[in-house]
Amino acid sequence: MFSKILIANRGEIALRIVRSCRELGIKSVAVYSEADRQALHVLLADEKVCIGPAKASESYLNVANILSAVEISGADAIHPGYGFLAENAKFAEICKTHGLVFIGPPASIIRLMGDKNKARQTMKKAGLPVLPGSDTVIDDLSVAKKVASKIGYPVIIKAAAGGGGKGMRICRSASQLEDQFPIAQGEAKAAFSDSSLYIEKFVSGARHIEIQVIGDRVGKVTAFGERECSVQRRYQKLIEETPSPFIDWKTRRRMIKEVEDAASEVGYQSLGTFEFLVDEDHKFYFMEANARVQVEHPITEMVYGINLIKAQIRIAAGEKYAPPYALEMRGHAMECRINAEDPVTFAPSPGKIDFLVLPGGEGIRVDSAAYGGWVVPPNYDSLVAKIIAYAPSRELTIAKMRAALETTTIVGIKTNIPLHLDVLSDPDFVAGRYNTQFMEDHLSSKAAEETG
Amino acid sequence: MFSKILIANRGEIALRIVRSCRELGIKSVAVYSEADRQALHVLLADEKVCIGPAKASESYLNVANILSAVEISGADAIHPGYGFLAENAKFAEICKTHGLVFIGPPASIIRLMGDKNKARQTMKKAGLPVLPGSDTVIDDLSVAKKVASKIGYPVIIKAAAGGGGKGMRICRSASQLEDQFPIAQGEAKAAFSDSSLYIEKFVSGARHIEIQVIGDRVGKVTAFGERECSVQRRYQKLIEETPSPFIDWKTRRRMIKEVEDAASEVGYQSLGTFEFLVDEDHKFYFMEANARVQVEHPITEMVYGINLIKAQIRIAAGEKYAPPYALEMRGHAMECRINAEDPVTFAPSPGKIDFLVLPGGEGIRVDSAAYGGWVVPPNYDSLVAKIIAYAPSRELTIAKMRAALETTTIVGIKTNIPLHLDVLSDPDFVAGRYNTQFMEDHLSSKAAEETG
Amino acid sequence: MNEKNIKALEPAESAMGGKIDYDEVRKLVGLLEEKNLSVFELEVEGLKIKIARNSPGAAPLMAAAPAVSAAPETPEAAAAAEARAQAIEAAKGHHLITSPMVGTFYRAPDPTSAPFVDIGDTVKKGQTLCIIEAMKLMNEIEADVDGTIVEIYAENAKPVEYGQKLFAILPVS
Amino acid sequence: MNEKNIKALEPAESAMGGKIDYDEVRKLVGLLEEKNLSVFELEVEGLKIKIARNSPGAAPLMAAAPAVSAAPETPEAAAAAEARAQAIEAAKGHHLITSPMVGTFYRAPDPTSAPFVDIGDTVKKGQTLCIIEAMKLMNEIEADVDGTIVEIYAENAKPVEYGQKLFAILPVS
């Protein structure tokens, strides 16, 4: 086992890793930017090293300073969390050449999953269903049009290197494709320095459902019951739950089995998430795989009674994955992402938290690095807390989440709690009738109500 | 179902009930003393009524004001929590005559369990093993001596109306009994206005183990796997865990079965806890039953994935008890009671909490009405937070609890967190080798270390 | 009971002398509302102010969630006024009569009679000011100083808590 | 790295002018230790002081738990002194040279040579003050003002963080 892990991240996920290290008896080293001097992951880690100014490119993405921090602290492994360097294959390689364990998939897997089109082709070969689409990346509009007409409209164009919705465009006709293709290329270029796109059949009314996997070094891959992530606004997940109100046990069993087979096939190691579109007939199509721990991993932990980060660390140290008991889902879990933002305009709302009362008690889990008196810096993402509710049924979980959010008091910054409460009371959400279009519809009907 | 519940309590248990009411869609009414104006249960309840000055006898025990508060708020049920009026049979009766539902056992059950000697005799008849002892209460030393010599020394004398260790004395010989009997009578008289005592065989090296029950109005009693409560100091529980490291599944099954039978026999309703002494041969002896929810109920909730307070409210409203899934223990749960007290001298440490960071994340539950800026009043018990850790095994649970306590920051008051951390590192505790003598031994060996 | 009343805290902590600017208090209360604060502390020129409010969470937006239907019974403005009034009383040295029990407040012995007292009335120590009904019993509340009634806080036939302000009396000096 | 160092926070927040009483700072730091504070804020006469400390939980007692063995490498006294020194520098207007990277600090070009500079030395803008080794590269750190070295904070051959104070220079005025 490792003796000291450097955590190349910040916020709740860094704190999450600090806690897991403590439980495993491993020393933790926090790295932080000047803007995070008072961050909880820094205050609670065993050691800490300032690695640069607020700007992420000069601190959390500053590979030279991070590796120097490893050197001066004597850490023998790096946990990258999510975001920042988590899916940087080059960084994973550098770690290896420096004799450090990168706690994540091997660089080859990160590189494969980072190329969305290649990942899709590979997974198709490994047996996962994928949506009809281009088999190679497309750089040329005329090729795009040919492919699209063969697939049949509507289609969706996506950045090959992409993520987070950047470079994604839905086209319902050839003329829309003509308009959108160059825009998407420009966005992809700007966001990922790579204008390559690929084209897929667009499925309307689909759900965004993902399967968590964990693979160990002896080649065993374990997949878990689905997370339902369709409540998204502009491809940013807002509420996740497990099990999905939409997935029956047959579909679940099939998804788990097929993902385990495909992930084994490519030699998947460490934590990862296979994202699917599931259409109204319960047909599922592989979209992409994220080669890192996911923000919403806690809901899987709740229903299975496990700890994925600790398992990830153990596996990285060479242990086999041995679940503590038969892996069975019990109850229902839901996560609300509490962001420091205006609940109506979505404008970020950084600043000092003057007063804070987080929820607690039976069935409530809070993953947060916030504390009363802490200043939410304007430099990073706006996630201030993940509130996770767990109860025997979906209905009870929604009631519990509502009670938890109503009794959460965050003074000094605006948060999206009112938006969450609003969604949790939406009759369609309560009935489990939603897909990836839900938030857009919900927000526009609410806007109409208010102006009408 | 009730429309509005008045909570005749304070602190974490009042907040616990507020949360449960919210989840059930029931309005909650907080009552509070002037010392609790800023208490979280008051701030988070739907309504609130000040019922008197700080002194509990004039507020939380002020039946007239509490009933007036029911009247002006229009509540249709009262939840008494634990302590205060929870085991006051007379109060339960008054509620009934006022047409109010008292959320707890019927007055007759409270009265039966309140008389420790009668409870023991009744449970013996109902089939539970009890320690050899006096069959009736004893008011006279000569009778006491006769009974004691028949039972055989050592014996323990207890207040018939007792609880909390008051009036309890261990006597290893007739001469000790002669000395201790009048002292115990005096204590019992002072604490409970009743000097009646009874005598039992004293078992050394025994464990304090209890069984949670829930009985509904159709007469069905369900019992749960044991809580291990042997880590006590002066009969005050400090750390509780489930399952007990000492109890095998055979003993567990037998205890559950026998408690279910005995509790059904007496028509037990609502939540209750049957306390046992378990000797080194796994023989268990009924000691007493607590006719209320217990401080340590959360650990049972964690391993079973249930919510006892919500179940208690539903049952009080006439519902059958229907567990959400097959009742099976999964994993291991442990609770540390965090008190506002000096960890060495045990002197209470009320005052303002200047800064507070409670633990969180995977497997951690916090039941607390504390917040940063809150002033812990000197008028009531010193419990400021219950920290509950849950993990697949006892070993992992201890590691998790340690990590949680190490990262808990409470500034402004002293707490017993250092004492907890100390116990959690004691090799005997870690090995599960402990009984009700543990804390005494632990503290005296620690004191010896420090002076030695 | 569900009033969103804003209150200055424990007298010891809101030690307001002649220095206090009531416009400042009003601004604070406004801030409380705007920011949806529960508890608020401020220290100005050695003067510590702490204000608390009975609404955790974002009230206007929470109203959108049906489960949180508890609509304010009294407008926020009234609450602000109460905080101001309380500060003024404390500053002016008015003598406050508070409720010694939980019950229902009556200003007159029966619905057809005139109130025991009204604002501006001179009262003597021992004179009945109101009745509080609790447990079906009518409890007469008496003045404990000689003086003039300058404010009546409670409303006729409405519930009162223990310690709730009923009357302010300007004592005869 | 595991020093329990007590630091005045962001410069913007510890805007200490000539008014500050260093005995007061010392008292504050003492309070931090005594009360086991992590973060502490105080406002006196318009002056806001915020102090943070790297030890959540009760350090001396936590040492009893083997899992929390992280014993302080530098005594609390040194930490208190550092906080004081930092406040003094800010007040005196000394120019601070901080580390532009994470690495190992060397005062001399090699173990056998004399240090680049020592306290009291006059330095010119552009003059090498030290070397920071990072990623096996030796990076020379230069003075960016003319002046006199009045303090050397970092220890030879010890690690330094980004932004850590290395030298204080009294600029030529």
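Letters go in sequence order (proteins before strands), and every chain restarts at 1. Just so you know, these numbers use all the heavy atoms, side chains as well, and skip hydrogens, waters and symmetry mates.
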*Under 4.5 Å from a heavy atom of chain B, the part of A:E301 involved*: side chain

*May I ask you to test the B:L356-B:W374 pair for a side-chain heavy-atom distance under 4.5 Å?*
no

_Portion of A:V366 that has a non-hydrogen atom of chain B nearer than 4.5 angstrom_ = backbone

*asked:* Could you check whether any side-chain N or O of B:R402 sits under 3.5 Å from a backbone N or O of A:E23, counting only pairs where one atom can act as donor and the other as acceptor?
replied: no

*asked:* Closer than 3.5 angstrom, by distance alone: can the side chain of B:R365 be matched with the main-chain N or O of B:A389 as a donor-acceptor pair?
replied: no

_Winner by heavy-atom pair count (cut-off under 4.5 Å) against chain B, out of A:N307, A:D367, A:V357_ = A:N307

_Modelled atom types, side-chain donor and acceptor of B:N9 and B:R16, under 3.5 Å_ = no

*asked:* Is B:M401 in contact with chain A via its backbone, its side chain, both, or neither, using a 4.5 Å heavy-atom distance?
replied: neither

_Segment of A:P359 engaging chain B (4.5 angstrom heavy-atom cut-off)_ = backbone

*Among side-chain atoms of A:S270 and A:R292, is any donor-acceptor pair under 3.5 angstrom?*
no

*Is there a donor-acceptor pair closer than 3.5 Å between any side-chain N or O of B:E240 and the backbone N or O of B:I299?*
no

*Residue A:R19 versus chain B: region with a heavy atom under 4.5 Å*: both

*Among residues 324-334 of chain A, which residues come closer than 4.5 Å to chain B, judged by heavy atom distances?*
A:P324, A:Y325, A:E328, A:R330, A:G331

*Has B:R394 got its NZ or CZ under 6.0 Å from the middle of the six-membered ring of B:F429, at an angle within 45 degrees of the ring axis?*
yes

*Decide whether A:R22 and B:T407 meet the rule of one side-chain donor and one side-chain acceptor closer than 3.5 Å.*
no

_Region of A:L40 in contact with chain B, defined by heavy-atom distances below 4.5 Å_ = side chain

*With the side chain counted from C-beta on, respond yes when B:M302 and B:T242 share a heavy-atom pair under 4.5 Å apart, and no when they do not.*
no

*Does any heavy atom of chain A fall under 4.5 Å from the side chain of B:K310, the backbone, both, or neither of them?*
side chain

*Is there a donor-acceptor contact under 3.5 Å linking the side chains of B:R314 and B:Q312?*
no

